[in-house]
Novice: 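Right, I'll just put the structure down here and ask away after.
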Amino acid sequence: MEHSFEPLLGKTLAELKGVAASLGMPAFTGGQMAKWLYVKHVDTIDAMTDISKANRERLKERYAVGCAAPIDSQRSVDGTVKYLFPTSSGKYVETVYIPEADRATLCVSSQVGCKMNCLFCQTGKQGFEGNLTAADILNQIYSLPERDTLTNVVFMGQGEPMDNLDNVLRATELLTAGYGYAWSPKRITVSSVGVKNKLKRFIEESECHVAISLHSPIHEQRAMLMPAEKAMPITDIVEMLRGYDFSHQRRLSFEYIVFGGLNDSPAHAREIVKLLRGLDCRINLIRFHQIPGVGLHGADEARMVALRDYLTAHGLFTTIRASRGQDIYAACGLLSTAKKDAEAGA
C-alpha cells in the first residue's frame with residue numbers, strides 16, 4: 001500500500017464528502033468516490049473518470065485508493081486458496097478463499113498476530129503485532145482475484161475481531177451500507193473467543209451473524225486451551241447472549257474444534273447441552289489440523305459423528321464442517337509465520 005498517502009478505502013460516505021469539502025470540491029464528489037471505490041473497485045484515483053482531472057490531481061496530492069494485491073498464494077487441490085496480503089503497517093496477513101458448489105466464502109483477518117494465545121492456533125504463537133485498519137480489512141476483499149464470486153465473508157482469520165472492534169464495525173458497515181457493497185449482513189459472520197463488553201457492543205451495533213469459539217464446555221479445560229477463559233468465562237458469555245434474540249434471521253453459532261481424547265467424550269457432549277440448553281444457536285464441529293510443536297490431535301470420524309448425533313438429538317442443531325485446504329495448511333497463521341521467519345532470516 002502507498003505509505004505516504006491517506007487511503008480512501010475504508011472511509012464512509014460522510015467521510016468521503018468531508019474529503020471533498022476539505023479540498024474545495026462539491027459534496028457530490030464524495031458520492032462519486034464511494035461509487036468508484038465500493039461498486040467499481042478502482043485501484044487508482046485516475047480511474048475515477050467522472051471526477052474532473054483538476055480534482056483528481058488535487059486528490060492525488062494527499063490521498064490514494066489504498067488497495068494492494070496479494071503478494072503470495074497457495075492453492076489446494078480442493079480449490080481453496082490462501083492469500084498473503086501486505087498491510088499498511090508493512091506486515092502481512094492471511095486470507096483464505098473457500099469455493100463450494102453454490103457459494104464462495106472468504107475468511108478474513110482482523111489483526112496481525114493475536115493476544116489470545118490459544119494453544120491450538122499458530123497465529124497466537126506469533127504474538128500480537130497490531131490491529132488492521134478498516135482499509136487493511138477491506139483490502140482482503142477489495143483486492144481478492146475472486147472477489148466477484150464471493151457469497152459470504154467470515155471474520156475467522158488471524159486475530160480476535162472484538163479486540164479491533166471499531167475497525168471491524170467500520171468494515172462491516174461499508175460491506176452492508178447502500179452506498180458501499182450493499183451486502184445483506186446475513187452474508188457476514190464475525191467470530192470471537194468471547195470478549196464480553198465488546199461482544200455486547202458488536203451485537204447491538206451490527207446485524208451480522210455471531211460465532212463464538214467454544215472448544216470445551218469445561219472451565220479448567222477451556223482455560224488450558226484458551227487462556228482468555230480465565231478472565232472471560234464461557235458461562236458469562238452464554239448468560240449475556242441469552243439476553244438477545246437469535247430466533248429470526250440473525251444466527252448465533254458456536255465453533256468447536258474436536259480434539260481426540262480431549263474434548264470429544266460423552267461427558268463433554270452432556271456439558272455442552274447443559275451450557276447451551278434453550279439458546280437459539282447451532283454448533284459447528286471442526287476437524288483439527290495439526291500445527292507444528294503442539295501435541296493435540298484430531299478426533300476420529302466416529303467420535304465426530306457420535307458427538308454431532310448426541311447434540312442434535314438433544315435439540316442443538318449441529319454440523320461437521322468439511323475440512324478444506326489441508327494440503328496447503330489453510331488453518332490460520334502458517335503462511336504469514338513463514339514470511340515473517342524468512343524476513344527475519346530464520
Side-chain angles (χ1 to χ4, degrees), residues 1-11 16 33-49 56 59-60 62-76 79-99 104-113 123 126 129-159 164 167-168 170-172 174-175 180-181 183 188 324-325 328-330 332-343:
M1 290 187 188
E2 305 95 330
H3 294 280
S4 53
F5 298 97
E6 194 177 333
L8 295 172
L9 184 63
K11 291 192 184 299
L16 291 170
M33 284 189 268
K35 190 169 184 183
W36 284 112
L37 290 168
Y38 303 125
V39 180
K40 308 271 194 182
H41 303 108
V42 296
D43 54 11
T44 63
I45 288 170
D46 279 329
M48 301 180 178
T49 49
R56 293 201 306 266
L59 265 175
K60 281 159 55 182
R62 282 179 49 192
Y63 296 94
V65 168
C67 60
I71 60 154
D72 196 3
S73 65
Q74 292 178 330
R75 291 178 182 271
S76 166
T80 301
V81 190
K82 179 186 271 194
Y83 289 104
L84 194 64
F85 278 98
T87 71
S88 51
S89 62
K91 311 279 189 187
Y92 303 94
V93 290
E94 294 170 27
T95 308
V96 182
Y97 172 76
I98 308 163
T105 301
L106 191 69
C107 181
V108 300
S109 294
S110 56
Q111 295 181 307
V112 182
T123 302
Q126 295 178 4
E129 295 188 60
N131 285 327
L132 298 190
T133 64
D136 289 330
I137 294 171
L138 284 173
N139 182 60
Q140 297 167 72
I141 300 163
Y142 198 92
S143 299
L144 183 79
E146 300 87 354
R147 180 190 62 226
D148 296 337
T149 69
L150 289 181
T151 59
N152 299 81
V153 166
V154 295
F155 283 71
M156 295 181 183
Q158 294 171 271
N164 188 16
N167 286 313
V168 167
R170 176 182 285 261
T172 57
L174 290 164
L175 288 170
Y181 280 65
W183 282 21
I188 303 165
R324 301 297 301 267
I328 58 164
Y329 299 109
C332 301
L334 294 163
L335 188 58
S336 57
T337 297
K339 178 71 178 171
K340 188 178 165 187
D341 289 349
E343 290 200 338

Novice: Quick check for you: to the nearest 0.5 Å, what is the distance between Thr80 atom OG1 and Arg324 atom CZ?
Specialist: 4.0 Å
Novice: Could you check whether any side-chain N or O of Asn139 sits under 3.5 Å from a backbone N or O of Thr87, counting only pairs where one atom can act as donor and the other as acceptor?
Specialist: no
Novice: If I take atom CG from residue Leu138 and atom CG from residue Leu37, how far apart are they, to the nearest 0.5 angstrom?
Specialist: 10.0 Å
Novice: Roughly how far, to the nearest 0.5 Å, is the CG atom of Leu106 from the CG atom of Asn152?
Specialist: 10.0 Å
Novice: Are any side-chain N or O atoms of Arg170 and backbone N or O atoms of Ala135, one a donor and one an acceptor, separated by less than 3.5 Å?
Specialist: no
Novice: Measure the NZ-SG distance between Lys82 and Cys107 for me, rounded to the nearest 0.5 Å.
Specialist: 9.5 Å
Novice: Closest approach of Ala68 and Pro86, non-hydrogen atoms and distance?
Specialist: CB-CG, 3.8 Å
Novice: Should the pair Tyr83 and Phe85 be assigned to parallel (<30°), tilted (30 to 60°) or perpendicular (>60°) ring geometry?
Specialist: tilted
Novice: Who passes side chain to side chain contact (heavy atoms under 4.5 Å, CB included) against Ala47, sequence neighbours left out?
Specialist: Val42, Thr44
Novice: Just wondering, do Leu8 and Trp36 contact through their side chains at under 4.5 Å, heavy atoms?
Specialist: no
Novice: Hey, does the side chain of Asp72 reach the backbone of Leu84 with a donor-acceptor pair shorter than 3.5 angstrom?
Specialist: no
Novice: Apply side chain to side chain contact (heavy atoms under 4.5 Å, CB included) to Thr149 and list each qualifying residue two or more places apart in sequence or on a separate chain.
Specialist: Tyr97, Ala104, Glu146
Novice: Are the side chain of Gln158 and the backbone N or O of Glu94 linked by a donor-acceptor pair below 3.5 Å?
Specialist: yes
Novice: To the nearest 0.5 Å, tell me how far Leu9 CG sits from Ser143 OG.
Specialist: 7.5 Å
Novice: What distance separates Lys91 NZ from Asp136 CG, expressed to the nearest 0.5 Å?
Specialist: 12.5 Å
Novice: So, does Asp43 use its side chain to make a donor-acceptor pair with the main chain of Cys67 at under 3.5 Å?
Specialist: no
Novice: Output yes when a side-chain donor or acceptor of Arg147 lies under 3.5 Å from a complementary backbone atom of Tyr142, and no otherwise.
Specialist: yes
Novice: Side chain of Tyr63, backbone of Ile45: donor and acceptor closer than 3.5 Å?
Specialist: no
Novice: Is any side-chain heavy atom of Tyr92 closer than 4.5 Å to one of Glu129?
Specialist: no
Novice: If we only count heavy atoms from C-beta on, is the Phe155 to Ile137 side-chain gap below 4.5 Å?
Specialist: yes
Novice: Would you indicate whether the side-chain heavy atoms of Val93 and Val108 approach each other to under 4.5 Å?
Specialist: no
